[in-house]
Amino acid sequence: MLIKQLSVFIENKKGTLANLTGALVKNNLDIRAIAVFDTNEFGIVRLVVDNPDKALEVLKKEGFIAKLSRVIAIEPEDAPGSLNKIFNILSEHDINIDYIYSFVMRLHELPYIAFKVDKLEKAVEILTANGINVVNSEEIRGK
Amino acid sequence: MIWSKDETLSRDQFTKIQEKRLSETVHSAYHNVPHYKSKLQEAGLEPSDIRTLDDLAKLPFTVKDDLRANYPFGLFAVPQKDVVRYHASSGTTGKPTVVGYTKNDITTWTELIARMVTMAGVTAHDIAQVSFGYGLFTGAFGLHQGLEHVGAAVIPMSSGNTEKQIMIMKDFGTTALIGTPSYGLHMAEVAREMGIDPKKDLKVRLGLFGGEGSTEAMRRELNDAWGLFATENYGMSELIGPGVSGECQCLNGMHIFEDHFIPEIINPDTGKVLGPGESGELIITPITKEALPLLRYRTKDITSLHYEKCECGRTTVRMAKIHGRTDDMLILGGVNVFPSQIEEVLFNIEGIGPHYQIKVYKKGYLDRIEIDVELIDEDFLDSFTLLENLNQTIRGKLRTVLGIDAKVNLHEPRTLARSEGKAKRVIDLREGK
């Protein structure tokens with residue numbers, strides 16, 4: 001139930017993000033989630049796209065240093081405290097979150113959230129057992 | 001294979017030849033070049049005072065500025081009608097330094113390159129692509145003549161137009177690549193970008209690199225990238241061009257063609273001559289050049305001389321890989337650093353590419369150094385911590401090995417400048433530099 005995430009190395013300078021997304025657009029790839037954190041001179045962009053394998057190929061061909069890895073995507077309930085509940089569950093089971101980011105929101109859609117944790121399989125198992133909707137890659141591709 | 005019997009003479013035979021030719025050179029310089037006549041007179045010397053190799057140390061040095069001051073032909077020892085070729089150094093600042101060749105000089109040069117390429121493994125069966133720039137620079141023409149002399153098929157490709165280089169290399173079945181090491185690395189990168197694996201899809205088996213210094217780490221990169229056997233060779237236009245010395249396949253240093261050049265090593269600060277094995281500035285006296293005889297030319301290159309016999313059977317003295325140049329040594333907050341030492345550190349770190357640039361500047365009164373490198377390994381993208389650790393590893397190694405604290409900038413691949421000739425690795429922005 002894990003989804004593929006792209007990690008891309010970028011320098012913190014004008015135009016690098018535009019180059020990156022431009023390469024994806026040219027190849028009809030759709031970005032479903034994007035995150036880049038405040039960095040000094042260089043950083044890592046995390047992306048979820050509709051066709052990650054093709055995106056990796058495209059980016060490598062364009063000379064980017066890019067890698068596919070796996071993250072969990074969940075669909076939290078639209079209710080107060082739902083995220084807090086999820087974090088508590090993970091914490092109780094000794095799972096550490098490296099980073100999280102949310103998907104690009106569209107109308108009539110609940111926001112998905114991507115998680116990178118240290119014990120991926122265990123986290124999926126626990127979240128599912130606790131009634132949290134863990135999203136699979138088909139669902140992301142279909143939306 | 002050894003091209004000439006003059007590469008296997010006994011020490012006595014070399015000494016005899018050198019003393020005879022040295023004396024002839026000093027006579028020619030004294031009688032035909034006013035600059036040398038006055039230099040020798042100032043030193044209280046007559047040409048007949050120079051008879052043995054021990055007398056060599058009495059002679060004054062020649063420096064690059066002497067060539068500039070006598071621009072263009074002031075140091076020539078023959079009339080213009082006897083000159084058949086001119087070359088000139090790149091001369092990044094001011095006037096270039098001009099060198100000339102008589103017919104005999106060209107024959108000598110061709111013979112020396114034939115020895116050099118044979119030593120590197122080239123035979124009449126090879127197809128040699130010369131990727132040095134053709135023009136005033138001596139590299140391309142020098143190699144060209146000597147390669148033809150041994151019977152290799154020469155492709156006079158020149159530098160630049162890299163994609164076409166690769167295409168020709170593939171279509172013609174090039175087996176020997178001739179160029180600067182930094183351009184060699186760049187070409188491999190371009191080939192891979194074109195979907196050509198130089199190791200599998202090309203037939204290049206030998207790489208003859210020169211024109212700029214390189215490190216063992218760079219040799220490994222070249223061997224790995226191309227699946228070739230890389231040798232290095234040495235020369236400079238003032239001395240003849242390439243063809244002063246080169247490595248044989250035993251890789252024990254570069255054999256100097258001693259029947260044409262007398263090498264010495266000196267302490268660059270005092271001018272005192274140092275012994276075998278000791279590291280210092282290389283001084284070369286060419287002893288067969290007609291058009292442009294030079295006495296004790298200061299190369300500014302730092303190396304050492306080794307006289308033990310080489311397994312290849314040659315008896316000529318070998319010079320170690322150039323450690324640096326007396327004029328490219330960086331003094332950073334009192335610490336002496338050669339760019340080649342920085343390169344050695346960088347090449348041994350996993351995850352970064354072979355291209356780099358060093359920037360030196362002042363912040364207040366302090367010297368600061370920044371090193372730009374390219375990230376090439378995607379495994380560092382798993383977490384930002386890994387990337388930061390890579391940066392810290394590079395800094396840490398530079399600190400332990402060289403004692404300098406450098407700021408390291410990680411760049412995206414293929415963003416640093418590539419060179420088609422000699423790589424410009426250091427940008428010194430300090431005042432007066």
Side-chain angles (χ1 to χ4, degrees), chain A residues 2 4-23 34-49 52-53 55-72 96-101 114-120, chain B residues 162-163 185-197 346 349-359 361 368-395 405-418:
Chain A
L2 298 170
K4 286 180 181 171
Q5 159 194 266
L6 268 171
S7 302
V8 190
F9 177 74
I10 53 158
E11 286 173 56
N12 188 359
K13 63 181 187 196
K14 269 184 219 159
T16 47
L17 275 173
N19 278 346
L20 169 65
T21 52
I34 182 165
V36 52
F37 305 101
D38 190 13
T39 55
N40 198 6
E41 272 133 6
F42 54 82
I44 306 169
V45 183
R46 316 281 185 191
L47 291 158
V48 178
V49 297
D53 296 303
L56 180 70
E57 197 189 308
V58 165
L59 292 177
K60 286 205 160 170
K61 219 167 161 189
E62 293 283 329
F64 285 97
I65 288 291
K67 189 186 181 178
L68 280 181
S69 55
R70 287 168 184 276
V71 290
I72 301 172
N96 186 47
I97 303 173
D98 292 330
Y99 51 83
I100 68 171
Y101 53 92
F115 278 76
K116 172 72 172 62
V117 298
D118 51 359
K119 298 159 197 150
L120 282 168
Chain B
T162 310
E163 296 200 354
L185 285 175
H186 176 56
M187 286 168 93
E189 192 175 62
V190 173
R192 282 191 296 265
E193 214 169 82
M194 291 164 69
I196 292 171
D197 178 354
L346 295 178
I349 294 172
E350 295 277 328
I352 56 174
H355 297 274
Y356 65 92
Q357 194 145 51
I358 300 165
K359 268 183 287 189
Y361 56 94
R368 289 292 168 91
I369 177 163
E370 279 190 26
I371 299 175
D372 292 332
V373 296
E374 291 176 356
L375 179 75
I376 55 159
D377 187 348
E378 64 262 21
D379 282 337
F380 289 92
L381 298 179
D382 284 339
S383 77
F384 193 72
T385 319
L386 282 177
L387 264 189
E388 289 237 296
N389 287 349
L390 173 64
N391 203 317
Q392 289 307 323
T393 304
I394 303 171
R395 286 187 84 147
D405 190 24
K407 179 170 181 296
V408 175
N409 304 316
L410 287 180
H411 293 274
E412 290 167 33
R414 305 191 44 72
T415 50
L416 300 180
R418 289 341 192 220

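Being a predicted model, the structure only gives us computed values, none of them experimental. To find a chain, count down the sequence lines: A is the first, B the second, and so on, and within it residues start at 1.
- Contacts of B/Asp197 classified as salt bridge (Lys or Arg N to Asp or Glu O under 4.0 Å), with partners at least two apart in sequence or in another chain: B/Lys200.
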Exercise. Evaluate side-chain contact (heavy atoms from CB on, under 4.5 Å) for A/Leu2 paired with A/Val71, printing each intermediate quantity in order.
Key: CA-CA 6 Å; A/Leu2 298 170; A/Val71 290; over 6 Å; no

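- Between A/Ile34 atom CD1 and A/Tyr101 atom OH the span is 9.5 Å, to the nearest 0.5 Å.
- The number of heavy atoms from other shown groups lying within 6.0 Å of CD (A/Glu57) does not exceed 12.
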Show the atom names and distances, to 0.1 Å, of all donor-acceptor pairs under 3.5 Å that link a side chain in residues 15-22 of chain A to residues at least two apart or in another chain.
{"residue": "A/Thr16", "atom": "OG1", "partner": "A/Glu11", "partner atom": "O", "Å": "3.0"}
{"residue": "A/Thr16", "atom": "OG1", "partner": "A/Lys13", "partner atom": "O", "Å": "3.1"}
{"residue": "A/Thr21", "atom": "OG1", "partner": "A/Leu17", "partner atom": "O", "Å": "3.0"}
{"residue": "A/Thr21", "atom": "OG1", "partner": "A/Ala18", "partner atom": "O", "Å": "3.4"}

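- Only the side chain of B/Asn391 has a heavy atom closer than 4.5 Å to any heavy atom of chain A.
- Of the atoms belonging to B/Thr385, not a single heavy atom falls under 4.5 Å from chain A.
- In this structure, B/Leu387 and B/Leu375 have side chains that are in contact, with non-hydrogen atoms separated by less than 4.5 Å.
- Residues from residues 58-68 of chain A that place a non-hydrogen atom less than 4.5 Å from a non-hydrogen atom of chain B comprise A/Lys60, A/Gly63, A/Phe64, A/Ile65, A/Ala66, A/Lys67, given in numerical order.
- In this structure, B/Glu388 has no salt bridge (Lys or Arg N to Asp or Glu O under 4.0 Å) partners at least two apart in sequence or on a different chain.
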